[in-house]
Amino acid sequence: MSKTKFIFITGGVLSALGKGLAAASISALLECRGLKITNQKFDPYLNVDPGTMSPFQHGEVFVTDDGAEADLDLGHYERFNSTHMGRGNNVTTGQIYFSVISKERKGEYLGKTVQVIPHITNEIKDRIVDCACGYDVAIVEIGGTVGDIESQPFLEAIRQFRNEVGRQNAIFIHLTWVPFMKTAGEVKTKPTQHSVKALREIGIQPDILLCRTENVLSDEIKAKIALFCNVEVAAVFTAKDVSCIYEVPLGFHREGLDEKIVDLLNIWTGQPQLSSWEDVVDKVSHPAHEVSIAIVGKYVNLTDSYKSLNEALMHGGIANNCRVNLRFVDSEKIERDGIGDQLTGVNGILVPGGFGDRGIEGMITAVGHARIKGIPYFGICLGMQMAVVEFARHVCGLAKANSAEFDEGSPYPVIDLMPEQKSVTEKGASMRLGAYPCVLNGDSLAFEAYGAREISERHRHRYEFNNAFKERITGKGLQITGLSPDGRLVEIVEIKDHPWFLGCQFHPEFKSKPTLPHPLFAAFIAASLKA
């Protein structure tokens, strides 16, 4: 632990300021300096994980290689640095209390009264140490907003932690808001002052202030913030709004944030190598081409529900020097009103993952539209399953084909519950989760994209292609081009006589990065460019 440096990131004034993006951007800058980085997120809610929470409440559920269902900020972390996140990188209040209560029931506290301090705070500190092992710097984000009752144990734990490891081994960065009041024609520092005051009242003095604002802060405003918040002027930085999130590391570097961090932590690094990020921003800002992609789903009213997906599509555009314009289409609206002109003019159609029967028929209609009209189609998880259902109904003549998830009485359950799932009663963390290998057919769109026969991708589902219908469906032209190594589970389906039609049971969006776009998204956008 003594070799690892720690950065604790807190937020104030209001939620959704971008703590996760700030933490990810700092990790990108430090990694570009040659340091080995990990990120950790503490979430103050009582759920053990976000797996059973509605995407409308929490945004997408990010899945790690080791099968953890995690906060979407872990997606930011993985997109901005090369470290693979795992189960220990996202910790919730629910996990902490569950662990402490389990230990108490086993008698591990030797008859002591179990309390928030020291037992809960010690558990939090233990999780920080475990996650940081083997890394040069651990960046720990505390979810919620300073002043929330739920996050107080985490703030107390990091206060103690700083005292235990010393000032040169741990620093506090506080992200706050400096609003521009149009009626007054000036920025206001009071929210930041009050936020830092609340933080100092619980014993934490920030070392660095990141001020989220519309425009670059003047030296005068920085000096005012420094005076009232008891930090040096050189430790007040502008976190300016940007049009592309991948500009944030470059903006922080121009402000000198990474230099200040390594100075405070007294850590030696090389000069930052930022050319890959500059290249990403250049391609996003000045693309040579443009495509329009329709995302036909059920959570389209909250774009955070498809955060990794939206970013992966942008990455596919980066790989093709192309701007990707996203058109979100509500599958329930297609179900209710028909396609109409909702898909007119799009170059590609994507149906993402999801759960529940709402909007399913609209998705199937969109799949059929893509298949018949020759529009490039990409189906992910549920989107792959609906492609199988559509093909079974309208090409194989199995009119009532469906997934057993939506119609248990279907005579043709072409998608069915995995055998090992039939005895599962608990909903939390009980699906097929995490990374699994897949073997590709050499003559396929998938192989052409990956350039490899065996791949590994992340899963989150309970239902699978029903092998009882394999011969009937493949006999009519739907190709199975990706299988589990034992040949039992269908991972990828394709239609050969189509410009580009592919469905995959896994979630490739979780492994895409702006500096390393996922092969399937790059191939899908390339095909859409030709449409």
When you measure from the side chain of [X] to the backbone N and O of [Y], does any donor-acceptor pair fall under 3.5 Å?
| X | Y | value |
| --- | --- | --- |
| Ser331 | Gly359 | yes |
| Glu60 | Ser308 | yes |
| Ser151 | Phe154 | no |
| Asn466 | Pro413 | yes |
| Arg200 | Gln205 | no |
| Ser410 | Asp407 | no |
| Arg460 | Gly434 | no |
| Thr213 | Lys240 | no |
| Thr121 | Ala157 | no |

Of the non-hydrogen atoms in [X] and [Y], which two are nearest, and what is the gap between them?
| X | Y | result |
| --- | --- | --- |
| Ala404 | Tyr463 | C-CE2, 3.9 Å |
| Thr192 | Leu209 | CG2-CD1, 4.4 Å |
| Thr176 | Ser195 | OG1-CB, 4.1 Å |
| Asn169 | Leu265 | C-CD2, 3.9 Å |
| Val439 | Pro485 | CG2-CA, 4.0 Å |
| Ile360 | Glu335 | N-OE1, 3.3 Å |

Check this for me, if you would: do [X] and [Y] make a salt bridge, where the nitrogen-to-carboxylate-oxygen distance has to be below 4.0 angstrom?
| X | Y | answer |
| --- | --- | --- |
| Glu464 | Arg432 | yes |
| Lys41 | Asp43 | yes |
| Lys298 | Asp330 | no |
| Asp73 | Lys19 | no |
| Glu164 | Lys125 | yes |
| Lys513 | Glu78 | no |

So, do [X] and [Y] sit near enough that their side-chain heavy atoms are less than 4.5 Å apart?
| X | Y | value |
| --- | --- | --- |
| Ile349 | Phe378 | no |
| Leu350 | Tyr306 | no |
| Leu440 | Ile492 | yes |
| Ile173 | Ile261 | yes |
| Thr10 | Leu155 | yes |
| Ile295 | Leu309 | yes |
| Leu313 | Phe524 | yes |
| Glu509 | Phe521 | yes |

Rounded to the nearest 0.5 Å, how far does [atom2] of [Y] lie from [atom1] of [X]?
| X | Y | atom1 | atom2 | result |
| --- | --- | --- | --- | --- |
| Gln505 | Ile415 | CD | CD1 | 7.0 Å |
| Ile204 | Ile158 | CD1 | CD1 | 4.0 Å |
| Ile480 | Asn467 | CD1 | CG | 7.0 Å |
| Ile525 | Leu520 | CD1 | CG | 11.5 Å |
| Cys504 | Glu491 | SG | CD | 9.0 Å |
| Asn47 | Gln95 | CG | CD | 10.5 Å |

Run the numbers on Glu31 and Ser82 for side chain to side chain contact (heavy atoms under 4.5 Å, CB included), then give the verdict.
CA-CA 8 Å; Glu31 186 172 80; Ser82 60; 2.7 Å; yes
With under 30° as parallel and over 60° as perpendicular, where do the rings of Tyr246 and Trp277 fit, or are they tilted in between?
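Aromatic pair Tyr246/Trp277 classed tilted.
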Evaluate the ring planes of Tyr450 and His518, with Trp represented by its six-membered ring, and classify them as parallel (under 30°), tilted (30 to 60°) or perpendicular (over 60°).
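Perpendicular.
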Determine whether the aromatic ring centres of Tyr436 and Phe506 lie less than 6.0 Å apart.
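Tyr436 vs Phe506: aromatic centres not under 6.0 Å.
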Is atom NZ of Lys197 surrounded by more than 12 heavy atoms (other residues, nucleotides or ligands) closer than 6.0 Å?
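Not more than 12 within 6.0 Å, no.
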Counting heavy atoms not belonging to Arg336, are there more than 12 under 6.0 Å from its CZ?
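Atom CZ in Arg336 is packed in, count exceeds 12.
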Could you verify whether a donor N or O on one side chain and an acceptor N or O on the other, from [X] and [Y], lie under 3.5 Å apart?
| X | Y | result |
| --- | --- | --- |
| Tyr377 | Glu390 | no |
| Thr93 | Glu150 | no |
| Glu311 | His76 | no |
| Glu156 | Gln160 | yes |

Under the side-chain contact (heavy atoms from CB on, under 4.5 Å) test against Asn90, which residue among Leu74, Leu72, Asp49 passes?
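With Asn90 as partner, Leu74, Leu72, Asp49 yield a single side-chain contact (heavy atoms from CB on, under 4.5 Å), made by Leu74.
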side-chain hydrogen bond (donor to acceptor under 3.5 Å, both in side chains) with Asn89: which of Asn39, Thr38, Thr83?
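The option that passes is Thr38.
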Scan Glu141, Gln40, His84 and name whichever one has a side-chain hydrogen bond (donor to acceptor under 3.5 Å, both in side chains) with Tyr77.
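Considering Glu141, Gln40, His84, a side-chain hydrogen bond (donor to acceptor under 3.5 Å, both in side chains) with Tyr77 is found only for Glu141.
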Using the rule given for ring-ring contact (aromatic ring centres under 6.0 Å, His included), can you reason through Phe510 versus Phe62, listing the C-alpha separation, both sets of side-chain angles and the distance that settles it, and then say yes or no?
CA-CA 7 Å; Phe510 292 146; Phe62 188 81; 5.0 Å; yes
Run the side-chain donor-acceptor check on residues 96-118: report pairs under 3.5 Å with partners two or more places apart or on a different chain.
residue: Ser99; atom: OG; partner: Glu123; partner atom: OE2; Å: 2.8
residue: Ser102; atom: OG; partner: Phe98; partner atom: O; Å: 2.7
residue: Lys103; atom: NZ; partner: Glu123; partner atom: OE1; Å: 2.8

Full working for salt bridge (Lys or Arg N to Asp or Glu O under 4.0 Å) between Asp136 and Lys5
CA-CA 6 Å; Asp136 297 319; Lys5 305 285 187 174; over 6 Å; no
How far apart are the C-alpha atoms of Asp207 and Lys260, what are their side-chain angles, what is the distance that settles it, and do they pass the salt bridge (Lys or Arg N to Asp or Glu O under 4.0 Å) test?
CA-CA 10 Å; Asp207 300 287; Lys260 186 64 177 177; over 6 Å; no
From CA spacing to verdict: salt bridge (Lys or Arg N to Asp or Glu O under 4.0 Å), Arg159, Glu201:
CA-CA 11 Å; Arg159 184 196 68 78; Glu201 283 174 352; over 6 Å; no
Please walk me through it: do Leu433 and Glu69 pass side chain to side chain contact (heavy atoms under 4.5 Å, CB included)?
CA-CA 8 Å; Leu433 289 165; Glu69 293 175 289; 3.7 Å; yes
